[in-house]
Amino acid sequence: MRRIFCLLFMAVALAGYAQTPRVQKLWYNKPSGKTWENALPVGNGRLGGMVYGNVVSETIQLNEHTLWSGGPNRNDNPDALAALPEIRQLIFDGKQKEAEKLANKAIITKKSHGQLFQPLGELHLTFDGHENYSNYYRELDIERAVAKTTYQVDGVNYTREVLASFPDRVMVIRLTADKPGKLAFNASFSSLHINKQIKTTTSKDLTIAGTAADHEGVKGMVRFKGITRIKTEGGSVTASDTALTVTGANAATIFVSIATNFKNYQDVSGDENALAASYLDKASTKSFTAILNPHIAAYQHYFKRVKFDLGTTEQGNLPTDERLQNFRNVNDPELVTLYYQYGRYLLISSSQPGGQPANLQGIWNNKMMPPWDSKYTININAQMNYWPAERANLSELHEPFLKMVEELSQTGQETAKTMYGARGWMAHHNTDIWRATGAIDGAFWGMWIAGGGWTSQHLWQHYLYHGDKAYLAKIYPVLKGAATFYADFLIEHPKYHWLVVNPGSSPENAPAAHDGSSLDAGTTMDNQIAFDVFSSTIRAAEILKKDAAFSDTLRQMRKRLPPMHVGQHGQLQEWLDDVDDPNDHHRHVSHLYGLFPSDQISAYRTPELFSAARTTLLHRGDVSTGWSMGWKVNWWARLQDGNHAFTLIKSQLSPLGTTKDGGGTYNNLFDAHPPFQIDGNFGCTSGITEMLMQSADGAVHLLPALPDVWQTGSIGGLLAQGGFEIVNVQWKDGKLTKVEVKSKLGGNLRLRVPNALKSADGHAVNVASGQNSNAFYQSEAVANAVLSSKANLSAPDIRQTFLYDVPTVAGKSYVFVNQ
Ligand code: FUC
């Protein structure tokens with residue numbers, strides 16, 4: 001029966017494939033009501049707005065990227081250094097619980113556990129007499145980055161458009177009525193801040209000013225200013241003490257400007273009043289069209305780079321919330337392409353060069369005390385936000401995150417020194433806008449030292465995609481500093497004699513054998529991250545021709561890291577000892593870091609580890625929190641199992657509450673941990689890319705994990721390591737029909753593909769052999785699996801592929817077709 005359904009879905013999908021893709025929009029035939037997760041996000045990386053689309057009382061909830069509680073502060077615990085030897089000994093003695101108790105006292109901060117990302121407030125627009133409306137419609141056009149609401153009252157058609165302008169740095173709301181003089185409304189601000197003032201000025205600006213909260217002993221030092229100015233066509237604007245009223249207008253343009261005094265993580269000496277006024281004064285002289293067109297152009301500069309088509313179906317004619325309801329039961333590949341591009345939309349809208357990185361909620365938060373403070377959890381979540389950045393061709397938008405890592409490499413030096421007596425820099429499992437690097441929450445979560453090591457790999461990855469040596473030279477000290485910390489912190493294991501991280505943990509998980517404590521020495525993820533930190537530093541030093549002696553030291557130490565182990569259940573061991581529980585369904589599967597985002601586990605280089613990773617993932621199960629399912633899409637893609645990856649997408653794209661004990665998706669397609677956490681959106685976008693193209697394992701691998709339901713489609717504009725732009729990939733019935741690759745740096749293009757290809761333009765295509773000569777495709781050899789005597793491994797289940805080498809010249813494109 002299932003098979004028949006599957007075939008039916010495929011037939012429907014194929015039937016629609018030839019149609020022109022529609023404009024990509026989220027759309028609805030009802031307003032958001034009171035539910036924030038129904039509202040539609042707009043953003044320019046600095047300002048975020050949630051547009052409710054309510055008729056009588058419209059709300060646009062407002063955020064600004066630097067509006068955080070507290071001020072410059074540190075949260076290291078200086079008692080750590082003295083307690084470190086005892087904690088280490090307790091862990092080596094198997095007394096994890098006692099070690100955790102001591103770590104709670106001596107390592108976890110006695111100061112701030114991180115500050116809060118806070119909203120500015122809400123802009124309210126009230127329309128008296130609009131209670132009886134018809135023809136209601138609202139949308140978010142993700143091809144133009146504009147939200148729109150339309151409806152009719154008494155024969156008049158009303159339209160509202162909302163955008164957060166990229167070039168003009170203000171939010172703009174355009175209101176029109178299609179009959180003269182029919183537009184009338186009231187505009188006011190509300191805000192949950194205690195310390196604030198809302199008033200109008202003599203020049204009829206509506207303003208809000210205040211200071212963000214004090215939090216956990218850190219005084220609130222971020223001052224904010226918001227200004228709303230309204231220009232009307234016809235009619236008039238009048239101001240009361242705290243509101244503006246428009247009457248008898250044909251149209252109105254509302255400009256909202258917001259700024260804070262935040263300059264950088266150590267400096268809050270900016271002038272929020274002058275900044276907010278300067279953006280506003282400049283923008284408000286322009287017509288709506290003069291704002292709209294450059295906004296669309298700036299947005300499309302990024303958005304249009306990737307085109308993705310899996311065909312169309314009738315489902316595409318339904319409102320987005322209904323499609324979400326149906327997705328698990330009806331094939332709707334067009335919802336996948338919409339969701340994919342929405343992930344790109346969200347990154348463009350929440351992460352712009354010069355701004356703050358996308359936090360747990362991107363840039364959209366309406367709570368004064370948001371879940372996990374809406375900060376940066378760097379044991380997975382913040383990294384996941386940036387997984388689509390390179391591969392989905394949004395590299396410039398990686399910048400805020402990369403800058404944050406550089407800043408952590410500054411603040412984290414003191415933490416390394418005062419807490420652990422180590423050189424270099426480190427961070428624990430969380431940070432915030434003040435780049436705090438101390439250990440927070442409790443030792444169970446916070447006693448993890450790899451936040452610096454892991455985030456530093458994003459700088460190395462950015463280099464691998466673009467090959468910019470000047471960039472590598474600039475960030476080399478960050479890599480070296482991360483490696484130096486490990487070089488000082490690693491300690492010999494008394495029993496196994498490997499060099500291990502102690503104290504460490506496998507994020508937020510604990511084996512039953514450890515009495516409920518997560519603390520341990522030499523966990524698999526800690527070893528894998530240390531391996532990557534050393535390897536990337538060694539390679540960067542080689543490329544830059546420096547630090548030969550230091551690299552030698554790292555090479556020696558790298559050899560002494562624990563290898564990965566395959567345990568008694570055939571699983572990849574999460575801990576150094578074989579203590580995994582095959583019934584553990586914990587959301588973190590940290591030891592699969594080696595499979596994704598890293599490339600240490602490979603079908604071709606480490607087949608035993610590959611099989612073990614698969615077993616581990618089967619044990620863990622599918623349904624989990626939103627971000628965990630997003631990670632699993634990437635893993636199943638790396639395991640080359642497209643159907644399993646698609647099963648995860650189906651679970652992730654389920655309305656919240658329909659998967660038992662798991663996350664899902666809200667009506668506005670925000671990912672539900674629950675609550676809303678944006679990492680799931682970005683993780684899944686990355687995972688869909690990985691299903692279609694991978695470049696981590698020695699080759700550009702096309703269609704590595706194509707599910708049965710996407711047998712025909714095309715994607716263009718993805719980026720692969722080594723400066724290859726995958727300009728166009730077309731496939732039909734599971735076979736590649738056309739491939740175009742642009743080489744930006746030259747060098748060997750090794751292609752791994754599901755069917756035989758030939759050149760369409762007369763260039764050489766050789767069957768590949770040996771190592772890929774392309775320097776960007778060198779994977780460091782990990783020691784292969786150490787197998788438990790009880791491990792029962794099956795051979796990796798992967799499809800046969802064809803492997804080609806194509807010598808390329810920088811700047812040239814290469815086209816291939818099916819043989
Ligand atoms: C980690 C995860 C949680 C959540 C939080 C923000 O602690 O374990 O699931 O995503 O980060």
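What's counted below: heavy atoms across the whole structure, side chains too, no hydrogens, waters or symmetry copies. Position 1 is the first residue of the sequence; numbering continues from there. When a ligand or atom number is given, it counts from 1 through the structure's own listing order. Bear in mind the structure is a predicted one, so any value in this text is a computation, not a measurement.
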Without swapping roles, check the side chain of Arg638 against the backbone of Leu595 for a donor-acceptor pair under 3.5 Å. yes
Salt bridge check, Lys110 against Asp79: does any charged N sit closer than 4.0 Å to a carboxylate O? yes
In a check of side-chain hydrogen bond (donor to acceptor under 3.5 Å, both in side chains) between Gln571 and each of Thr616, Asp578, Thr615, which one passes? Asp578
Proximal protein residues to ligand 1, non-hydrogen atoms under 4.0 angstrom: Leu360, Trp372, Thr377, Asn381, Glu508, Arg587, His588, Trp627, His673, Gln677
I'd like to know if Glu64 pairs up with Arg46 as an ion pair, taking the criterion as any Lys NZ or Arg NE/NH1/NH2 lying under 4.0 Å from an Asp or Glu carboxylate oxygen. no
Any ion pair linking Asp622 and Lys632 (charged N to carboxylate O, less than 4.0 Å)? no
Considering residues at least two apart in sequence or located in another chain, which fulfil the side chain to side chain donor-acceptor pair (under 3.5 Å) criterion with Asp526? Thr523
